[in-house]
Amino acid sequence: MKPNNSPSTTSNTRFSLTEALTAIDEGAGVAFGAIAQSFQRVFALADVADEELRKVFPDRGSEPADFFLLLEPPVWLPVDADRWYRAYVRELIQRAKSGASLANPTAAEALYVLYRASLEAPRSADFTLAYETLYRVCGFPDAPGEKESASYPGAVEEVLAEAYRAA
């Protein structure tokens with residue numbers, strides 16, 4: 001069978017190839033754009049870690065060896081949550097300075113557990129108080145004030161303990 005090389009078939013074929021190549025090019029642009037944003041994010045978070053380290057260890061040589069590597073952003077970190085990362089880093093740095101264990105979850109990690117739980121079920125007053133407590137511990141400037149009281153003594157502490165266990 002002889003191929004059909006009429007002008008309409010050839011131009012349709014070229015147009016389809018052009019469309020395909022354009023789509024591939026646009027797709028690559030989107031992919032490279034996402035990769036570039038990821039790199040920018042990594043460097044922005046590294047700057048946050050460096051800034052917080054310099055506050056506690058002005059002479060960066062006085063910090064624990066390889067400590068900067070421990071400040072890798074956790075996988076749970078929301079994409080646009082620099083303040084969560086800053087709170088996470090701040091607490092780890094304070095622990096390192098005081099010689100405390102770095103193994104236990106941070107307040108930011110426990111707060112994230114409560115945040116995720118709040119998306120799945122209604123919050124109780126005790127849950128809200130625990131959330132607000134961790135919000136303040138993380139040093140977030142817009143922390144709400146306590147407006148409710150716990151349902152029983154120790155209820156908020158139980159919610160906090162569960163959040164830290166789950167983190």
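All residue numbers refer to positions in the sequence shown, counting from 1. Note that the structure is predicted; figures quoted are calculated from it, not measured.
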Could you walk me through whether Val159 and Glu162 pass side chain to side chain contact (heavy atoms under 4.5 Å, CB included), step by step?
CA-CA 5 Å; Val159 174; Glu162 184 59 33; 5.8 Å; no
Rounded to the nearest 0.5 Å, what separates atom [atom1] in [X] from atom [atom2] in [Y]?
X      : Y      : atom1 : atom2 : value
Ile93  : Phe57  : CD1   : CZ    : 7.5 Å
Leu114 : Leu160 : CG    : CG    : 7.0 Å
Asn104 : Arg165 : CG    : CZ    : 12.5 Å
Phe127 : Glu132 : CZ    : CD    : 11.0 Å
Arg90  : Glu51  : CZ    : CD    : 8.5 Å
Leu111 : Arg136 : CG    : CZ    : 11.5 Å

More than 12 heavy atoms of other residues, nucleotides or ligands under 6.0 Å from CD of Glu72: yes or no?
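For Glu72, atom CD is not crowded (no more than 12 foreign heavy atoms under 6.0 Å).
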Just jot down the side chain to side chain donor-acceptor pair (under 3.5 Å) partners of [X], sequence neighbours excluded, or say none.
X      : result
Glu109 : Thr106
Asp50  : Arg54, Arg60
Gln94  : none

Give the cluster check for [X] versus [Y]: same hydrophobic cluster or not, with ILVMFWY residues linked at side-chain heavy-atom distances below 4.5 Å.
X      : Y      : result
Val137 : Tyr131 : no
Phe140 : Val48  : yes
Tyr164 : Val89  : yes
Tyr115 : Tyr88  : yes

Do you know which two heavy atoms are closest between Ala150 and Ala155, and how far apart they sit?
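Taking every non-hydrogen atom into account, CB-CB, 4.3 Å.
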Do you know the tightest heavy-atom contact between Ala167 and Ala110?
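Answer, listing the atom of Ala167 first, then Ala110: CB-N, 3.9 Å.
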Main-chain N/O of Arg86 paired with Glu52 side-chain donor or acceptor, under 3.5 Å:
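Looks like no, no N/O pair under 3.5 Å.
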Has the side chain of Asp126 got a donor or acceptor atom that lies under 3.5 Å from a matching backbone atom of Ser151?
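Confirmed, Asp126 side chain pairs with Ser151 backbone.
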